[in-house]
Amino acid sequence: MALHLTHEVLRLSLRDPFRIARSDHDAGHAVTTVVVELRDDRFPDVVGIGEGYPDRFYGDTVDTMAAVFPLLLAAVGEPDPTPAGLVAAGARLTSAIAHHGGAKCAIDIALHDLVGKVTGRSITDLLDLPGPIPPTDFTLGLDEPAIVAERAIRASRFPALKIKCGGPSDLATLEAVRAIYAGPLRIDANTGWQPDVAVALLPELERLGVELIEQPFPARRLDQLRWLQERSSLPIVADESAVTIDDLDDLVGVVKGVNVKLAKCGGVGPARAMLARARELGFRTFLGCMEETSVAIAASAAVASLADWVDLDGNLLLADDPFTGLELGDDCRWRLADAPGLGVARRAG
Ligand SMILES: [Mg+2]
């Protein structure tokens, strides 16, 4: 066995409380994420860093991740330290076991970092994705309208805001934010709306300059999503309904956009493939994240040139990101360090 993995569960405080409409989502004042270190006997001086977010909604917990890591590692075997080797390793991760996107993501990111460090190539060089990436928006969780508006003032440097909806005062919240912020608003109900409420809101959302509506209804209710998209001039974006590349075909003709996340689909390689396939199928592509550190955000930024919209702000929601090396430009575009692999390292101290 050439690969060795250790993992660490991190409990990280948030800058501001962060709530969404799904009740299973326990993020409030702190979040839990899993960081891994991957070593390869062939390259004893190199450590690949990865991260996977344990989201119960998608079948990952801290315990399930620890349980499937050995199985996934065995499936990967001894990958070639090349771009083709990474693609082959990703395919073996995908086929080793269904679901468990967070666990697969942690190993897949660590493999990219390790191979980058072994070969002296940045992750964007390994992926051959040097293109420009869109700026990230900034996400505001559910709260009282005045509190959300106050957070919007603090986030006014961002060229777009993502507003969590599905609470009791969505319209009041959007009105309060619009009163102090001029840019596009992207709204995400996290499955929390009813069809009659959503369709009644459409004229108001258009008036308020909403750019897209993410996952208004439960993941399996493609009938409801199609019904609303047929009545909406705004794109409906599937998130909870679009977990892996295998979900895309069923969404054609249902919604106009899909939200791809590394923690859902299983890492860098699967996200790249899912974004490319989504564009082939005519979707607008949104690249999202969980409440993750700079490790997962850097890995996500590496494929962001394949996205039309970017929501990579998980590390910005943390009070103290334990990693350093990823920089947000004045234009709100992520800049990866010009260094091998992900270009991120543990913050000293
Ligand atoms: Mg979402």
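Sequential numbering from 1 along the given sequence is applied to the chain's residues. Read the numbers this way: they start at 1 and go in the same order the structure lists the ligands and their atoms.
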| query | Distance only, no hydrogens: is a donor on one side chain within 3.5 Å (strictly under) of an acceptor on the other, for Asp247 and Ser241? | reply | no
| Phe69/His7 aromatic ring centres below 6.0 Å | yes
| Considering only N, O or S atoms, which atom of Asp239 is nearest to the Mg ion (ligand 1)? | OD2
| task | Verify salt bridge (Lys or Arg N to Asp or Glu O under 4.0 Å) between Arg207 and Glu175, making sure each step is shown before the conclusion. | result | CA-CA 10 Å; Arg207 174 179 62 81; Glu175 297 271 16; 2.7 Å; yes
| query | Got a sec: is Glu214 within less than 2.8 Å of the Mg ion (ligand 1) via an N/O/S atom? | reply | yes
| query | Taking atom types as modelled and ignoring hydrogens, do the side chains of Glu291 and Thr33 form a donor-acceptor contact shorter than 3.5 angstrom? | reply | no
| said: I'd like the atom name of the N/O/S atom in Asp188 lying closest to the Mg ion (ligand 1). | reply: OD2
